[in-house]
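For reference, the structure is listed below as C-alpha cells.
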Amino acid sequence: MYHPLPLYIGLRYTRAKRRNHFISFISGTSMVGITLGIVALIVVLSVMNGFHKEIQQRILSMASHATLTNPYGGMEDWPAVLERVRAHEDVVGAAPFVEVQGMLVNSAQVSGALIRGIVPKEEDQVAELRKEMVSGSVDDLVDGAFNIILGRDLAAYLGVGPGDKVTVVTPQVSATPVGIMPRLKRFTVSGIFAVGMADYDRNAAFIEMHDAAKLLSLGEAVSGVRLKLNDMWEAPRLSREIAYDLGGVYRLVDWTQVHANFFSALAMEKRMMSIILFLIVAVAAFNIVSTLVMVVTDKQSDIAVMRTLGISPARVMAIFMVQGTVIGLIGTLLGMVLGVLLAFNVEPVVGAIESLFGVHFLDPSIYYISKLPSDVHLADVLSISGGAFLMSVLATLYPAWRAAKTQPAEALRYE
C-alpha cells in the first residue's frame with residue numbers, strides 16, 4: 001500500500017457506493033451548494049467591480065486627479081504655478097479653471113448649477129469633456145463669445161438646446177442706482193454633453209475661462225489649477241509631494257478626498273454583499289457536517305475494527321477529514337471554473353435570458369448603460385475559493401473528532 005493510510009481509506013470511503021442513499025444525497029447537496037455559492041460570489045463581485053469601474057471612469061472623465069487652489073482667494077500667479085507643476089515628472093497634464101456656484105434661468109425655469117470656466121485646449125489635458133459632447137463642440141467656448149455648454153439633464157430641465165439663451169446668475173453683486181443687484185449675464189447654449197452621471201449631467205455647465213473671470217470680476221486671477229497624474233491611485237501621495245514642492249502655500253485636494261464618501265459607500269456595499277452571499281457557502285459547509293456525522297454513525301463498526309487493529313485516534317480523524325475535504329475541494333474547483341466562465345460571459349448570458357423571457361434588466365434611460373459590465377479580479381477569485389475551501393475543511397473537524405472518540409468495545413458490543 002503506497003498511499004498514506006488515512007488518505008487511502010478516506011478516498012475509498014468517498015468513492016464507495018453508500019448503502020444509505022440519503023447520505024449520498026446530502027453529500028451531493030453539499031458539493032452543489034459550495035459550487036453555487038462560489039459561482040454566485042464570483043459573478044456578483046465581478047459585476048459589482050464592473051459597475052464600480054464604469055462609475056469611476058465616468059467620474060474621472062470629468063474630474064481631475066487633483067485640484068490646486070489658493071485658500072485665501074483667487075490664484076493670480078497661476079501661469080508660474082502651471083509651469084512648475086507641469087515640470088513635475090508625475091504630472092501628465094494641468095489646466096487652469098474658474099469655478100462658481102450659480103443659477104441658470106430660462107423663462108420660469110430656474111436651476112442651480114456648478115459653472116466652470118475652462119480653456120478648451122488646456123482642459124483636454126485633464127478631462128474628457130470633448131468625448132462626452134452630444135451636440136456642439138468644446139471649441140465653441142471662445143473668449144468674448146459668452147457661450148455655455150450644459151449637461152443633458154440640465155438642458156432638458158431648463159427646456160433649452162443649442163442656440164437658445166440662458167441667464168447666468170452668480171452670488172457676486174453689483175451696486176446699481178436701484179440698489180444691490182446680483183450679477184447676471186446672458187449666455188448662448190452652444191453644446192450639450194452627457195457623461196451618464198447625474199452629478200454632471202444635471203448640475204454642471206461650462207463656459208470659457210476668461211468669460212467666467214469677467215463674470216466674477218477676477219481680473220487675471222483664476223480659481224485654481226486642475227492636475228492629471230500618471231498614476232491616479234497614487235494621487236494622495238503625489239498631491240502631498242506637489243504641495244510640498246510649491247512651498248505649502250496652496251491647498252491640494254485629490255479625487256479620493258472629493259469623492260471619499262461615494263467610494264466608501266461602494267466599498268461597503270461590496271463588502272456586505274460578499275458577507276451575505278458567503279452564507280450560501282456556510283450553509284453548504286454545514287451540510288458537510290451533517291453528511292460526515294451520518295457517515296461516522298454508519299461506520300461505527302469499521303472505526304472500531306480499525307482502532308482494534310492499532311490505528312490511532314489521530315489517523316481515524318484524518319480519514320474523515322479527507323472525505324469532507326474532497327467534497328469541499330471538488331465543489332470549490334467546480335465553482336471557481338464555472339464562476340469565472342460565467343463572469344467572463346455574463347453579458348451574452350443576460351442577453352439570452354432577456355431574449356428568451358422578453359424582459360430588459362437595464363433600462364438605458366435609468367441606468368445610462370444597457371449592458372452588464374463585468375471585471376473579474378484574480379484576487380477576488382482566489383480569496384472566495386480559498387475561503388470556501390477553508391470553511392469546508394473546518395466543517396470536517398467536529399465529525400472527524402467524534403469518529404476519533406469512538407470506543408471499540410462500545411461500538412462492537414452488539415455486532
Side-chain angles (χ1 to χ4, degrees), residues 1 3-42 274-339 383-415:
M1 188 179 298
H3 303 277
L5 188 60
L7 178 63
Y8 180 74
I9 298 176
L11 292 177
R12 280 196 61 183
Y13 278 173
T14 304
R15 295 195 305 267
K17 295 182 178 179
R18 298 188 180 91
R19 292 167 295 177
N20 192 333
H21 294 290
F22 183 68
I23 296 177
S24 299
F25 174 76
I26 296 297
S27 178
T29 302
S30 304
M31 195 179 300
V32 172
I34 292 172
T35 300
L36 292 179
I38 293 175
V39 169
L41 268 168
I42 291 176
S274 301
I275 294 173
I276 293 170
L277 291 177
F278 221 88
L279 293 177
I280 301 174
V281 181
V283 171
F286 184 78
N287 285 340
I288 292 179
V289 177
S290 304
T291 301
L292 291 183
V293 167
M294 287 187 287
V295 170
V296 169
T297 303
D298 188 52
K299 300 291 184 181
Q300 284 286 323
S301 58
D302 293 0
I303 297 169
V305 170
M306 286 188 288
R307 289 293 311 278
T308 304
L309 292 174
I311 294 180
S312 66
R315 300 182 83 182
V316 172
M317 187 173 179
I319 289 171
F320 291 94
M321 287 186 66
V322 167
Q323 189 176 0
T325 300
V326 168
I327 295 173
L329 180 62
I330 295 174
T332 299
L333 292 177
L334 285 175
M336 184 168 60
V337 173
L338 294 177
S383 61
I384 291 168
S385 303
F389 180 68
L390 179 61
M391 192 176 294
S392 302
V393 173
L394 293 176
T396 66
L397 294 178
Y398 173 70
W401 177 79
R402 281 194 55 181
K405 291 296 182 181
T406 299
Q407 298 297 326
E410 293 292 331
L412 295 175
R413 175 179 295 180
Y414 300 106
E415 291 294 329

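Nothing fancy with the numbering, it's 1 onward along the sequence. Values in this document were obtained by computation on a predicted structure and should not be read as measured data.
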Separation between [atom1] of [X] and [atom2] of [Y], rounded to the nearest 0.5 Å:
X	Y	atom1	atom2	value
Ile275	Leu41	CD1	CG	11.0 Å
Ile330	Thr325	CD1	OG1	11.0 Å
Met321	Arg315	CE	CZ	15.0 Å
Ile327	Ile288	CD1	CD1	5.5 Å

Please identify each residue that fulfils side chain to side chain contact (heavy atoms under 4.5 Å, CB included) with Ser383, with sequence neighbours left out. none

Residues passing the side chain to side chain contact (heavy atoms under 4.5 Å, CB included) test with Thr332, sequence neighbours excluded, are Ile34, Ile38, Ser385, Ala388, Phe389

Any donor-acceptor N/O pair, Thr35 side chain to Gly331 backbone, under 3.5 Å: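 Yes; at least one donor-acceptor contact below 3.5 Å.
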
Show me the donor-acceptor pairs, under 3.5 Å and distance only, between side chains in residues 394-403 and residues at least two apart or in other chains.
from, atom 1, to, atom 2, distance (Å)
Thr396, OG1, Val393, O, 2.5

What are the two closest non-hydrogen atoms of Pro313 and Ala404, and how far apart are they?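 For Pro313 versus Ala404, the nearest heavy atoms are O-CB, 3.3 Å.
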
